[in-house]
Amino acid sequence: MAQEPTSISALIDEWKTIAEFATEVGCGYEAARQMRKRESIAPRHWAAVIEASSKQGIEGVTYEWLARAWASAEVAA
């Protein structure tokens with residue numbers, strides 16, 4: 001991926017499966033599935049998501065990017 005993901009679900013879709021994403025991030029499958037469904041990732045997972053994204057070669061996943069997604073999901077809820 002050459003540019004930052006357009007959404008949380010687009011980010012998670014960069015992995016072959018949700019289970020693979022969950023393993024890389026260090027959360028359970030259901031937590032990862034809910035992240036994708038809600039289009040938000042809880043701040044406690046941000047460091048792991050940034051690291052896992054970097055290992056996948058996904059650019060643009062930063063604390064700022066995750067905070068924007070978090071804020072957008074909070075407004076939508």
Side-chain angles (χ1 to χ4, degrees):
M1 172 174 263
Q3 57 187 0
E4 73 182 32
T6 57
S7 65
I8 296 298
S9 57
L11 169 63
I12 295 171
D13 286 347
E14 289 295 314
W15 278 263
K16 290 181 183 180
T17 65
I18 293 174
E20 194 175 295
F21 170 80
T23 298
E24 293 260 342
V25 171
C27 68
Y29 174 85
E30 185 60 24
R33 193 181 74 74
Q34 288 299 320
M35 289 175 193
R36 188 176 189 283
K37 178 182 173 187
R38 293 182 182 139
E39 292 291 342
S40 70
I41 296 173
R44 70 177 174 267
H45 297 294
W46 290 359
V49 169
I50 291 166
E51 183 177 339
S53 296
S54 178
K55 287 180 182 177
Q56 283 286 110
I58 303 167
E59 297 177 8
V61 180
T62 63
Y63 286 102
E64 292 80 12
W65 185 85
L66 289 164
R68 283 193 308 270
W70 175 263
S72 294
E74 288 293 305
V75 169

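Numbering starts at 1 and runs along the sequence shown.
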In Å, rounded to the nearest 0.5 Å, how long is the span from [atom1] of [X] to [atom2] of [Y]?
X: L66; Y: S53; atom1: CG; atom2: OG; answer: 7.5 Å
X: Y29; Y: E20; atom1: OH; atom2: CD; answer: 12.5 Å
X: E14; Y: E24; atom1: CD; atom2: CD; answer: 12.5 Å

*Inspect the contact between E4 and R68 and indicate whether a charged nitrogen and a carboxylate oxygen are less than 4.0 angstrom apart.*
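Looking at E4 together with R68, the answer is yes, because their closest N to O distance falls below 4.0 Å.
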Between [X] and [Y], what is the shortest heavy-atom contact and its length?
X: T62; Y: I50; result: C-CD1, 3.7 Å
X: I12; Y: M35; result: CD1-CB, 4.0 Å
X: W46; Y: I41; result: NE1-O, 2.7 Å
X: A52; Y: W15; result: O-CZ2, 3.7 Å

Under 4.5 Å between any side-chain heavy atoms of [X] and [Y], yes or no?
X: H45; Y: C27; result: yes
X: L11; Y: V49; result: yes
X: S54; Y: V61; result: no
X: F21; Y: R36; result: no
X: Y63; Y: P43; result: no

*Could you list the residues that satisfy salt bridge (Lys or Arg N to Asp or Glu O under 4.0 Å) with K55, not counting sequence neighbours?*
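For K55 the salt bridge (Lys or Arg N to Asp or Glu O under 4.0 Å) partners, ignoring immediate neighbours, are E51.
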*Please check if the side chain of E39 supplies one atom and the backbone of S7 the other of a donor-acceptor pair under 3.5 Å.*
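Between the backbone of S7 and the side chain of E39 there is no qualifying donor-acceptor contact (under 3.5 Å).
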